[in-house]
Amino acid sequence: MTKEQTALDVACEQLCIAAEKLGLEPEIHEMLKYPKRSLIVSITVKMDDGGLGVFSGCRVQHWDARGPFKGGIRYHPNVTLSEVTALAMWMTWKCAVVDIPYGGAKGGVCCNPKKMSKGELERLTRRYTSLLLDFIGPYRDVPAPDVYTDAQTMAWIMDTYSQFKGYSVPECVTGKPISIGGSEGREEATSLGVVICAREAAKRIGLKLKGATLAVQGFGNVGWNAAKMAHDMGWKIVAVSDSVGGIYNPKGLDPRKVYEHKSKTGSVVNYKGCKKITNEELLETKCDILVPAALENQITKANADRIKAKIVAEGANGPTTPHADKALYEKGITLVPDILANAGGVTASYFEWVQNLTREHWTLEEVNRKLEIKMVKAFNDVCNLAKKENSDMRTAALMLGVGRVADAIRTLGLWP
Ligand code: GLU
């Protein structure tokens, strides 16, 4: 993260922008600045070497006026309470933008999962879940995967929660493996949403998608699946990267082969026939569409002027600072903001939760059809508002999200 601004600074500045444009009551603005509840936990884990590891973790519940708290859990060495608070706030707006009945939350554990065994990760996850037991649940707060957590992590959460309850509760978590109640299409849903948004943005600016060039920062679940889908649709992937570094090939990359290389060597770097580039260079690559799908604070004051893409579709949460938003908008770049572009994940999570609660299992076609409808509707809502307000899409998305949450708060009233 750059020293320029923390993720929470960015989230609070964005809230200010929306509050001003909406003419939000100062009391509601004040309420929304802070999470409703934050739980800090210390997680003691038996390590494989016989010693004990002590990890700090948290779960931040931002606002739940529109429904139960919802949001992922992140395992990363740089996780902080402040970062998780920003991510929780973004979840609140995101769920409102796609109009699903949830509030926003996020969890984080400060650890390096790349250096931990599967057994250590399982014990960490179960212990963390046990510490959250009174705060999560199908009608209270529903976790999901985020950076460096996956379907297996969710299975351990579901099992731990269910063991304590004494019966199976699949609806307590989403992003689970299909064999235990996960939804078809959930794993690819965030990427599908990103691709749908990039496609809709391309339509609006008259960009031909066949052969359009794409650069993807991050080759985790979101980045890799987005590259795969884009490749299948005939877009040309010219650059990808991961935490180690990036690769560039103007002739185009086959993401499946790059994935195979990463599985064998641990990184996309050194994939044959490519020029090695840094993550910074990837962002500045000449391309039609740029998908930041890694971490926060990537497009900032420092590099916004050098971004060459026509469309930026944010797979990551918080990759762009408000200063950079303004610079990109002035350059005529269409930026589809995180709380819209990557909302496909939580939307499919909502579908999973509904399926669990009704004991149904939908086909992949049904999930993807419903996802397409939700994403296109949200995209058009945001675009229309941006046009009306003469603003960029981020401001419009924030106005839509914050506005809906504020509306719910007013309608509920304040107890006591
Ligand atoms: N972690 C994802 C996000 O940031 C998904 C959250 C969810 O499915 O609840 O949107």
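First listed ligand is number 1; within each ligand, the first listed atom is number 1.
- Of the candidates Arg74, Met154, Arg186, Arg186 brings a heavy atom nearest to atom 5 (C) of ligand 1.
- Closest protein heavy atom to atom 7 (C) of ligand 1: Ala144 CB, 3.3 Å.
- No more than 12 heavy-atom neighbours from other residues, nucleotides or ligands sit within 6.0 angstrom of NZ on Lys257.
- Judged purely by atom type and a 3.5 angstrom limit, Ser267 uses its side chain to pair as donor or acceptor with the backbone of Val269.
- Remark: ligand 1 atoms within the under-4.0 Å shell around heavy atoms of Gly71 are 9 (O).
- Closest to atom 10 (O) of ligand 1 among all protein heavy atoms lies Lys94 NZ, 2.6 Å.
- Using a distance-only test at 3.5 Å, with no hydrogens or angles considered, a donor-acceptor pair links the side chain of Lys374 to the main chain of Asp99.
- Among all non-hydrogen protein atoms, the one lying nearest atom 8 (O) of ligand 1 is Ser349 OG, 2.6 Å.
- Here is the list of ligand 1 atoms found below 4.0 Å of a heavy atom in Val346: 7 (C), 8 (O), 9 (O).
- Residue Met91 has at least one heavy-atom neighbour below 4.0 Å for each of these atoms of ligand 1: 3 (C), 4 (O), 6 (C), 10 (O).
- At least one heavy atom of Pro145 sits closer than 4.0 Å to an atom of ligand 1.
- Of all the heavy atoms of Asn317, the ones lying under 4.0 Å from any atom of ligand 1 belong exclusively to the side chain.
- From the protein, the heavy atom lying nearest to atom 9 (O) of ligand 1 is Lys70 NZ, 2.8 Å.
- With Gln355 contributing its side chain and Trp362 its backbone, the two residues share a donor-acceptor pair below 3.5 Å.
- Enclosure of atom CD in Glu187 is not indicated, since only 12 or fewer non-hydrogen atoms of other residues, nucleotides or ligands lie within 6.0 angstrom.
- Below 30°, between 30° and 60°, or above 60°: for Tyr148 and His76 the angle between ring planes is below 30°, a parallel geometry.
- Ion pairing between a basic and an acidic side chain is recognised when a charged N comes within 4.0 Å of a carboxylate O; Glu25 and Arg410 show such pairing.
- The backbone N or O of Thr278 sits less than 3.5 Å from a side-chain atom of Glu281, completing a donor-acceptor pair.
- Near Lys106, the atoms of ligand 1 lying under 4.0 angstrom from a non-hydrogen atom of the residue are 1 (N), 3 (C), 4 (O).
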